[in-house]
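As the structure lists them, so they are numbered: ligands from 1, and atoms in each ligand from 1. Because only heavy atoms are used, hydrogens play no part in the values below, and waters and symmetry mates are left out as well, while side chains stay in.
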Amino acid sequence: MAETDLRDKVVVLGGGAKNLGGLLARQLGERGANVVVHYHSDASAPDADKTADDVRAAGGEAVTVQGDLTRVADVRAVFDAAVDGFGRVDVAVNTTGMVLRKPILETTEEEYDRMFAVNSKAAYFFIQEAGRRLSDNGKIISLGTSLLAAFTDGYSTYAGGKAPLEHFTRAAAKEFADRGISVNVVAPGPMDTPFFYPQETPERVEFHKSQAMGNQLTQIEDIAPIILFLATDGWWFTGQTMFPNGGYTTR
Ligand SMILES: NC(=O)c1ccc[n+]([C@@H]2O[C@H](COP(=O)([O-])OP(=O)(O)OC[C@H]3O[C@@H](n4cnc5c(N)ncnc54)[C@H](OP(=O)(O)O)[C@@H]3O)[C@@H](O)[C@H]2O)c1
């Protein structure tokens, strides 16, 4: 029952313009998939256009769609773009997230609300809409963080904001199981992208590196294949959180 082929499959990629999402879009294009490249800010529009061009050049099809996924109407519009453009949805991957490293005593109400809107609310309604729109035997994959398996300071609203994803995922895995839809969280270690560095000091970056094999950060090239695996041969995983991180944290 394993689905090894992504050719002509329709993939909705939340945050598909750049970094991990951008690489994933290109690799899906190489496999002949049809990709909805969602992007958020106006600043990400050129990345989304370039990524979509690269998907087409690699042999896939692509459309871009902008949206603030903290708004449920925008989440629905991203899935509408898939159905309007390609007729159905087979795989939904949500790479969106927002990071903040700040002591609890200094965190404002606005920061809390924003962090939970992006990391929890958007993730929840992405899973809900995927559950409504996916074909039978579809796949839903959300991006967590290896901080879900850490005991550390500073990341209360980031790790805390991502934590509910595990329970959303478990519930969805049970609720969508009769349609053969698998639902999982991929929770990488600190990744070498512009998302990570602004929250950290150079000394702390070195500490993070020291906690993984080979004294290095997680590379997006090591995460994208795991997501592709879950979308294909790895279909028997469901309701799980995976920690690809070179040994940085575990539980
Ligand atoms: N880098 C790391 O250290 C690390 C480690 C573990 C897990 N992760 C997770 O991996 C995922 C990908 O991260 P990345 O490193 O590849 O960085 P990234 O490209 O900056 O990913 C975050 C994405 O979320 C989008 N986003 C932010 N607010 C949004 C909103 N309101 N609505 C819709 N989209 C929104 C961003 O778009 P704009 O930039 O246009 O706002 C961006 O495309 C994230 O979920 C992150 O939490 C990252």
Exercise. Is Ser44 touching ligand 1 with its side chain, its backbone, both, or neither, if touching means heavy atoms under 4.0 Å apart?
Worked result: side chain
Problem set entry | Sub-4.0 Å heavy-atom contact, Ser146 with ligand 1 | no
Exercise. Just heavy atoms, cut-off under 4.0 Å: does Thr193 contact ligand 1 by side chain, backbone, both, or neither?
Worked result: side chain
Exercise. For the hydrophobic clusters of this structure (ILVMFWY residues joined by side-chain heavy atoms under 4.5 Å, transitively), does one cluster hold both Val37 and Leu28?
Worked result: yes
Seminar exercise, completed: Judged by heavy atoms only, the candidate from His40, Lys162, His38, Gln199 nearest atom 36 (C) of ligand 1 is His40
For this session: Only heavy atoms count here, so choose which of Phe126, Tyr39, Phe195 is nearest to atom 17 (O) of ligand 1.
Result: Phe195
For this session: Please say whether Tyr158 places an N or O atom under 3.5 Å from an N or O atom belonging to ligand 1.
Result: yes
Exercise. What is the closest protein heavy atom to atom 10 (O) of ligand 1, and at what distance does it sit?
Worked result: Met191 CE, 3.7 Å
Seminar exercise, completed: of all protein heavy atoms, closest to atom 18 (P) of ligand 1 is Asn19 ND2, 3.6 Å
Exercise. What is the ring orientation for Tyr124 with Phe168, classed by angle as parallel under 30°, tilted 30 to 60°, or perpendicular over 60°?
Worked result: perpendicular
Problem set entry | Contact check, Gly144 vs ligand 1, heavy-atom distance below 4.0 Å | yes
Seminar exercise, completed: Restricting to heavy atoms, the pick from Asp74, Leu165, Thr96 nearest atom 23 (C) of ligand 1 would be Thr96
For this session: Look at atom CZ of Phe196 and say whether more than 12 heavy atoms of other residues, nucleotides or ligands are closer to it than 6.0 Å.
Result: yes
For this session: Please indicate whether any nitrogen or oxygen in Gly21 is less than 3.5 Å from any nitrogen or oxygen in ligand 1.
Result: no
Seminar exercise, completed: To atom 24 (O) of ligand 1, the nearest of Gly15, Gly161, Gly97 on a heavy-atom basis is Gly97
For this session: Can you sort out which atoms of ligand 1 are near Arg114, meaning under 4.0 Å from one of its heavy atoms?
Result: 31 (N)
For this session: Would you mind checking which non-hydrogen protein atom is closest to atom 12 (C) of ligand 1, with the distance to 0.1 Å?
Result: Thr95 O, 3.3 Å
For this session: Flag yes if more than 12 heavy atoms outside Phe207 fall under 6.0 Å of its CZ atom; otherwise flag no.
Result: no
Exercise. Pro190: heavy atom below 4.0 Å from ligand 1, yes or no?
Worked result: yes
